[in-house]
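By convention here, the first residue in the shown sequence is residue 1.
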Amino acid sequence: MAELRHSSSLGSRASSSPMKRDGDSSPLVPDSRPVGHDDDDDGGGGGRHSSRDRDRPLWSHVHSLCPPHFPDDPRVSPHSSRISVFLLLVVALVGLISIFSIVHRLNAPYLCRKDGIVLHCPRVKESPSLWENPYSATTSWKPCAERRDGGISNVPPENETNGYIFIYAEGGLNQQRIAICNAVAVAKILHATLILPVLKQDQIWKDQTKFEDIFDVDHFIDYLKDDVRIVRDIPEWFTDKSELLTSIRRTVKNIPKYAPAQFYIDNVLPRIKEKKIMSLKPFVDRLGYDNVPPEINRLRCRVNYHALKFLPEIEEMSNLLASRMRNRTGSQNPYMALHLRFEKGMVGLSFCDFVGTREEKAKMAEYRKKEWPRRYKNGSHLWQLALQKRKEGRCPLEPGEVAVILRAMGYPKETQIYVASGQVYGGQNRLAPLRNMFPNLVTKEELTTKEELDGFRKHVTSLAALDFLVCLKSDVFVMTHGGNFAKLIIGARRYMGHRLKSIKPDKGLMSKSFGDPYMGWATFVEDVVVTHQTRTGLPEETFPNYDIWENPLTPCMCRA
């Protein structure tokens with residue numbers, strides 16, 4: 001791993017750093033060392049000495065090994081003199097090696113030492129704020145998206161509706177969730193009736209889940225009855241349902257990304273009034289944030305945090321999983337949820353370079369060429385692109401990198417970690433550094449019996465819903481890459497009052513630290529801690545195009 005100092009060449013490359021930063025006083029100490037073991041006890045190539053011996057000057061050791069040489073003493077032969085000089089040189093050489101080894105350990109630039117597939121990183125004193133969001137008590141924001149301010153929340157009579165809109169919610173569970181929230185908002189903007197969205201089968205997930213297989217439909221319709229009229233199916237008077245799904249005449253296309261509310265009023269509303277029922281597609285990120293009325297943004301939050309509820313059986317299983325995480329040690333303990341986005345599809349789509357065998361890299365190149373031929377081209381430009389993306393923090397963190405960051409933050413080996421992830425690219429070998437540093441790492445499959453999960457396996461989206469809820473309930477949530485799952489979790493935890501800690505690593509800064517061969521552990525720890533003091537899910541100032549799913553501060557939250 002070019003960026004991580006736990007590559008296989010770590011041992012052979014270690015040397016005293018000529019560019020050692022001031023203040024790097026903490027040596028590299030593997031976890032396996034016994035408590036109280038002093039760095040000076042290990043002389044590397046030299047012998048082991050007691051503290052008393054170390055305090056003695058070098059000449060004391062020389063005299064203890066070699067008898068004093070008195071040139072005037074006739075009993076001392078030239079042969080004995082040569083032996084004494086030889087022993088003196090040997091002792092001096094051993095001493096120099098010992099001193100060099102000690103100095104090297106004090107200035108070791110590498111973060112961790114690799115022993116086979118096991119990473120040994122220095123221990124960090126556990127901070128009392130590891131399991132709580134610092135400064136959360138000082139925030140005065142509370143959720144208020146359930147509040148309806150009248151006016152825009154008035155639903156027109158049924159006979160005055162402008163028409164019906166129908167959408168396919170594409171992608172994975174969380175992309176579908178955002179599409180549903182946007183569909184309700186668009187229906188409100190157009191004073192139209194929304195047909196219950198259809199969850200479209202995704203080419204990656206290969207799932208045929210229906211809305212009612214995941215969400216509580218009755219609660220959804222009833223909760224929003226004062227905002228938007230929602231019907232379960234296409235009206236009976238519209239006989240040709242297949243036309244709605246396939247006909248160009250019944251479809252509004254070419255809706256720009258992050259379109260303003262006015263675009264829908266000018267371009268979509270006339271067609272709905274004319275045809276009475278229209279399909280909108282594609283419908284991913286087709287409504288902006290800064291160019292719609294605040295009441296519409298508040299309505300989207302109302303849908304997301306209040307109207308969209310998972311089925312009771314999903315909620316119950318997620319509560320069971322969270323309870324098992326907190327009681328794995330036989331007593332109550334906090335747990336961390338880690339969204340590890342390092343599946344083959346994510347690695348391929350990122351077009352970042354990761355450490356691997358030559359065969360692994362060749363297979364990934366073929367995979368990228370097949371899946372994204374336009375972006376791949378001939379592959380010659382990808383190396384420079386990969387370096388630039390890593391510097392900008394746009395590459396997924398590898399499991400080993402996550403492990404080193406968490407250890408630097410102070411999380412001990414005993415930390416209970418719930419992993420929400422698909423199949424990790426590279427399998428157990430790639431996951432090994434993280435699992436070895438944090439052995440109490442489990443997935444939902446390891447927390448449950450086969451029989452308990454069988455009822456959820458028929459819908460991939462149901463399994464994703466379990467991961468979503470267990471992460472939402474965790475004491476600490478850590479994301480490793482962007483995406484709808486992570487930003488919806490962080491946004492929901494913010495909306496719940498910013499009390500729960502959500503760590504969003506600064507991947508750009510971390511890539512620089514991992515790529516610095518002269519950074520000592522103490523400096524690295526300081527950089528990690530200082531950098532992430534304000535990246536824990538506290539309120540953030542919004543800026544243009546900052547989506548409300550990750551930061552619902554305004555207008556979905558109010559000052560207490």
Worksheet item: What about Tyr425 and Phe354, are their ring centers closer than 6.0 Å?
Response: no

Discussion item. Taking the six-membered ring for Trp, are Phe220 and Phe215 closer than 6.0 Å centroid to centroid?
Written reply: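 Judged by ring-centre distance (under 6.0 Å), Phe220 and Phe215 do not meet the cut-off.
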
Worksheet item: Phe438 ring centre to Arg407 NZ or CZ under 6.0 Å, with the angle to the axis within 45°?
Response: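 Cation-pi check for Arg407 and Phe438: passes.
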
Discussion item. Is the positively charged end of Arg302 above the ring of Tyr223, judged by distance under 6.0 angstrom from the centroid and angle within 45° of the axis?
Written reply: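 Cation-pi check for Arg302 and Tyr223: fails.
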
Whether [X] and [Y] hold their rings parallel, tilted or perpendicular, with breakpoints at 30° and 60°:
X      : Y      : answer
Tyr376 : Phe351 : tilted
Tyr289 : Trp549 : perpendicular
Tyr367 : Trp372 : perpendicular

Discussion item. Could you report the tightest heavy-atom contact between Ile548 and Tyr305, atom names first, then the distance?
Written reply: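 Heavy atoms only, the tightest pair is O-OH, 4.1 Å.
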
Worksheet item: Residues two or more places apart in sequence or in another chain: which of them pass side chain to side chain contact (heavy atoms under 4.5 Å, CB included) with Thr443?
Response: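 Residues passing side chain to side chain contact (heavy atoms under 4.5 Å, CB included) with Thr443: Val419, Glu445, Glu446.
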
Worksheet item: For the side chain of Arg341 and the backbone of His481, is there at least one donor-acceptor N/O pair under 3.5 Å apart?
Response: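 Absent.
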
Discussion item. For the cysteine pair Cys144/Cys556, does the gap between the two SG atoms stay under 2.5 Å?
Written reply: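 Cys556 does not pair with Cys144 as a disulfide (SG atoms not under 2.5 Å apart), so no.
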
Worksheet item: Would one find more than 12 heavy atoms of other residues, nucleotides or ligands at under 6.0 Å from atom NZ of Lys361?
Response: yes

